[in-house]
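Note sheet for the following structure.
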Amino acid sequence: MSITVYVPRDSAALALGADRVATAITAEAAKRGQPVRVVRNGSRGMLWLEPLVEVTTASGRVAYGPVMPEDVPGLFDAGFLEAKTHPLHLGLTEQIDYFKRQERLTFARIGVTDPLSVEDYQAHGGFAGLKAALGQEPAAIVESVLQSGLRGRGGAAFPAGIKWRTVLGAQARQKFVVCNADEGDSGTFSDRMVMEGDPLLLIEGMTIAGLATGATQGYIYVRSEYPHAVQSLQLAIRLAETAGFLGDDILASKKSFHLEVRKGAGSYVCGEETALLESLEGKRGIVRAKPPLPALQGLFGLPTLINNVITFASVPFILSQGAAAYQDYGMGRSRGTLPFQLAGNIKQGGLVEKAFGVTLRELLYDYGGGSLSGRPIRAVQVGGPLGAYLPESKFDTPLDYEAFAKAGGTVGHGGIVVFDDTVDMAKQARYAMEFCVVESCGKCTPCRIGSTRGVEVIDRIIAGQKRDANLTVLRDLCDVMVSGSLCAMGGMTPNPVLSALDYFAEDFGDRPASAPGHE
Ligand SMILES: Cc1cc2nc3c(=O)[nH]c(=O)nc-3n(C[C@H](O)[C@H](O)[C@H](O)COP(=O)(O)O)c2cc1C
Ligand code: SF4
């Protein structure tokens, strides 16, 4: 009987040689006459251990990692097919501390199953949510999403059920469901991991959204930097159609939902929902003024439900296990779980799905193991390039949308970028402002011109030219950007700039004389 060996197909693992490892295992097994079945799974999210190879045993899957192609003969010699010991032996995968202490609702299958097997997907609970939704009225589906407390995972944390209800209530000949898979935030990769590691989950979530809102056509807008995600989504769409879960007359229900993938062209602002719609329509990605809301007048002027990948991917659990089961996790108004992503200068980078309420300190030290350099962690940017830089004094703040905002932070899409004590926060502030210069869509003046002037002012402060006067100008400029920008690109760029100034004033030369508090 052949032994099943898992080698991830996730692009983080591929970048580290997973394809070559898979080939080496197949070749070595053939050479030794040992029957092996290699399954290409998603990643378990422990990226510092990639490529993480797993062997199936009677007591569960046993992990080895990180495995290089040249390790493969030695693994066979050591008897890894019988899960014997070896310097790369990590024990039962699900007993690895980093993994064991997570609360994986959305990522329950990722790394476990073959992402391109409908059979494997169903064997692990897949399509149970869709089947439940097919037996319900649209309003009942929307009610479940509302009751679950699910909020948008793309950044703004708007209650998903309210948006779904608005699209359901809109009257039109055609409605759309659009998935925002632009994932432009620094240090984020949870959307990519879903699309590569469990694409049928996103397809199921979007199909449920179609049934709930009356939309029969969906688009997944994926950033062009994600070729593996595009490929797995396209294959998974075909598999779902062939198996009757997508397309016309889903599971003989007389209900239809069609899905297509569209690639972006590499622009941060195209992650903003209205710029995304412009881009989907084939135009340059420029932000639209709101109202009208996309829920009422979105793609081609028709009612459109736009949600992030993780938002849609959270829905099948809610439909199959019930809104209350999802509500059980989290704190305050932040219900459920969030897949946090640890990146930057961190020893154990990767994905940690936890209920809201976990603290930054737990994520950074209990999961992340501290900085990769071994030096003290000095600053952390949470929530992408528009999030504040937080000092150590904020590390005990629970990651809950409201509590975190009160402490001056943004949970956003859950990306956490870590810096040690060698970071120059004045350069980081300049970088944040320059990011806005480069990525601004140009529609409004505070963002387009303000960010360029902002870089010049920060340069003068760094150079020590009329520091106090220029600090006043910088704060005034940030005020104008916050209150005068059309979207959060210009409106939130002051977050990283001012937090750097407020929490790390020493990096800007003399401590600013009369800096008001940032919070
Ligand atoms: C400049 C900018 C970039 C954004 N980038 C993304 C992105 O990459 N992915 C995403 O899901 N939302 C992004 N958003 C948020 C979207 O505008 C929108 O709130 C989200 O797609 C709604 O989905 P949700 O409610 O499920 O979060 C961005 C917003 C702004 C202002
Ligand atoms: S704030 Fe910037 S990105 Fe947003 S609409 Fe204005 S110019 Fe465009």
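As the structure is a computational prediction, the values presented were derived from the model and not from experiment. The figures that follow rest on heavy atoms only: side chains count, while hydrogens, waters and symmetry mates do not. Counting starts at 1 for both ligands and their atoms, following the listed order.
- Of all atoms in ligand 2, numbered sequentially from 1 with element shown, those under 4.0 Å from a heavy atom of S440 are 2 (Fe), 7 (S).
- For the residue pair E362 / T359, a side-chain donor-acceptor distance below 3.5 Å is found, with atom types taken as modelled.
- When only non-hydrogen protein atoms are considered, atom 11 (O) of ligand 1 lies nearest to N308 ND2, 2.8 Å.
- D185 and Y268 share a donor-acceptor pair across their side chains, judged by distance under 3.5 Å alone.
- Side-chain contact check for T274 and E272: at least one donor-acceptor pair (N or O, by modelled atom type) lies under 3.5 Å.
- Near I306, with a cut-off below 4.0 Å to any heavy atom, the atoms of ligand 1 are 22 (C), 23 (O).
- Of all the heavy atoms of R153, the ones lying under 4.0 Å from any atom of ligand 1 belong exclusively to the backbone.
- Of the protein's heavy atoms, G271 O, 3.4 Å lies nearest to atom 28 (C) of ligand 1.
- Remark: ligand 2 atoms within the under-4.0 Å shell around heavy atoms of G442 are 7 (S), 8 (Fe).
- The aromatic rings of F176 and Y219 sit tilted relative to each other, their planes meeting at an angle between 30° and 60°.
- Looking only at protein heavy atoms, the nearest one to atom 8 (Fe) of ligand 2 is C441 SG, 2.4 Å.
- Heavy-atom contacts of A488 reach the following atoms of ligand 1: 31 (C) (cutoff under 4.0 Å).
- Taking only nitrogen or oxygen atoms, main chain and side chain alike, T311 reaches within less than 3.5 Å of ligand 1.
- Within the 2.8 Å limit, C444 places at least one N, O or S atom next to atom 6 (Fe) of ligand 2.
- Here the protein heavy atom with the shortest distance to atom 1 (C) of ligand 1 is Y268 CE2, 3.5 Å.
- The nearest N, O or S atom of C487 is not closer to atom 2 (Fe) of ligand 2 than 2.8 Å.
- The backbone N or O of F404 lies less than 3.5 Å from no partner atom in the side chain of K394, so there is not a single donor-acceptor pair.
- The protein heavy-atom contact nearest to atom 2 (Fe) of ligand 2 is C447 SG, 2.3 Å.
- At a threshold of 4.0 Å, the pair K427-D507 does not count as salt-bridged, since none of the basic side-chain nitrogens sits closer than that to a carboxylate oxygen.
- Given atom 20 (C) of ligand 1, the protein heavy atom at minimum distance is N180 ND2, 4.0 Å.
- Taking the six-membered ring where the residue is Trp, F245 and F127 present parallel rings, their angle staying beneath 30° rather than reaching 60°.
- Close approach of ligand 2 to G490 is summarised as follows: ligand atoms under 4.0 Å from at least one heavy atom of the residue are 1 (S).
- Cation-pi geometry between R335 and Y326 is not satisfied (NZ or CZ under 6.0 Å from the ring centre, within 45° of the ring normal).
- One side chain, Y226 or E183, offers a donor N or O that lies under 3.5 Å from an acceptor on the other.
- Close contacts of ligand 1 with D182, meaning ligand atoms under 4.0 Å from a residue heavy atom, involve 8 (O).
- In this structure, the protein non-hydrogen atom closest to atom 5 (S) of ligand 2 is V287 CB, 3.5 Å.
- Judged by the 6.0 Å distance and 45° axis criteria, R333 is not positioned over the aromatic ring of Y401.
- Looking at G184 next to ligand 1, an N or O pair under 3.5 Å apart turns up.
- Of the heavy atoms in E183, only backbone atoms (N, CA, C, O) come closer than 4.0 Å to ligand 1.
- Checked by atom type, the side-chain pair D400/S334 shows a donor-acceptor distance below 3.5 Å.
- Residue S485 approaches ligand 2 through these ligand atoms, each under 4.0 Å from one of its heavy atoms: 1 (S).
- For atom 2 (C) of ligand 1, the nearest non-hydrogen atom of the protein is E272 CB, 3.8 Å.
- Looking at atom 18 (C) of ligand 1, its nearest protein heavy atom turns out to be E273 OE1, 3.6 Å.
- In this structure a side-chain-to-backbone donor-acceptor pair under 3.5 Å is missing from R153 to F312.
- Interface of V269 with ligand 2, defined as ligand atoms under 4.0 Å from a residue heavy atom, comprises 3 (S).
- Under the 4.5 Å side-chain criterion, counting only non-hydrogen atoms from C-beta, I416 is not in contact with Q341.
- In this structure, atom 27 (O) of ligand 1 lies nearest to the protein heavy atom G154 N, 2.7 Å.
- Using a 4.0 Å cut-off between charged nitrogen and carboxylate oxygen, E434 and R453 do not count as a salt-bridge pair.
- The cationic group of R104 does not satisfy the cation-pi geometry with F107, failing either the under 6.0 Å distance to the six-membered ring centre or the 45° limit from the ring axis.
- At the top of the distance list for atom 25 (O) of ligand 1, counting protein heavy atoms only, stands K163 NZ, 3.1 Å.
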